[in-house]
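Here is the structure we will look at.
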Amino acid sequence: MGPYEIAQRLGVSRQRFQQLARYPTFPKPYQELRGMKVWLAEDIEDWIAKHRQPRPTDED
């Protein structure tokens with residue numbers, strides 16, 4: 001996953017994603033390709049499960 005996909009998955013701006021990516025708990029990138037970092041989707045999903053509160057739904 002690239003920064004854009006992760007920002008969309010988290011429901012945040014790309015700028016906010018960049019802030020989150022600096023957190024010590026955020027997964028390290030899997031690889032850097034031509035100046036763009038990419039992460040494994042599994043690592044991102046694990047981080048979300050451990051560190052993000054569920055967002056309220058319309059039914060809440």
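For clarity, every value in this text was computed on a predicted model and none was experimentally measured. This chain uses plain numbering: 1 for the first residue, then up along the sequence.
- When side chains are defined from C-beta on, P3 does not count as touching K37, because their heavy atoms never get closer than 4.5 Å.
- Cluster annotation: Y23 is connected to F17 through the hydrophobic network of ILVMFWY side chains, with a link wherever side-chain heavy atoms come within less than 4.5 Å.
- Around CD of E42, the count of heavy atoms belonging to other residues, nucleotides or ligands within 6.0 Å does not exceed 12.
- Atom CZ of F26 is surrounded by more than 12 heavy atoms from other residues, nucleotides or ligands within 6.0 Å.
- Applying the side-chain contact (heavy atoms from CB on, under 4.5 Å) test between V38 and each of E32, E5, Q31, M1 identifies Q31 as the sole match.
- Annotation: the span from Q19 atom CD to Q15 atom CD amounts to 8.5 Å, rounded to 0.5 Å.
- The structure places CZ of R14 at 12.0 Å from CD1 of I6, a figure rounded to the nearest 0.5 Å.
- Every residue two or more places apart in sequence or in another chain that forms a side chain to side chain contact (heavy atoms under 4.5 Å, CB included) with Q8 is listed here: Y4.
- Every residue meeting the side chain to side chain contact (heavy atoms under 4.5 Å, CB included) condition with E45, not counting sequence neighbours, appears here in chain and number order: R9, I48.
- Hydrophobic clustering (side-chain heavy atoms under 4.5 Å, transitive across Ile, Leu, Val, Met, Phe, Trp, Tyr) keeps I44 apart from L40.
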Kindly indicate, with the supporting measurements, whether the criterion side-chain contact (heavy atoms from CB on, under 4.5 Å) is fulfilled by L10 and W47. CA-CA 11 Å; L10 295 172; W47 184 84; 4.1 Å; yes

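- A distance-only check finds a donor-acceptor pair linking the side chain of W39 to the backbone of P27 [under 3.5 Å].
- Residues A7 and S13 approach most closely at CB-O, 3.9 Å, considering heavy atoms.
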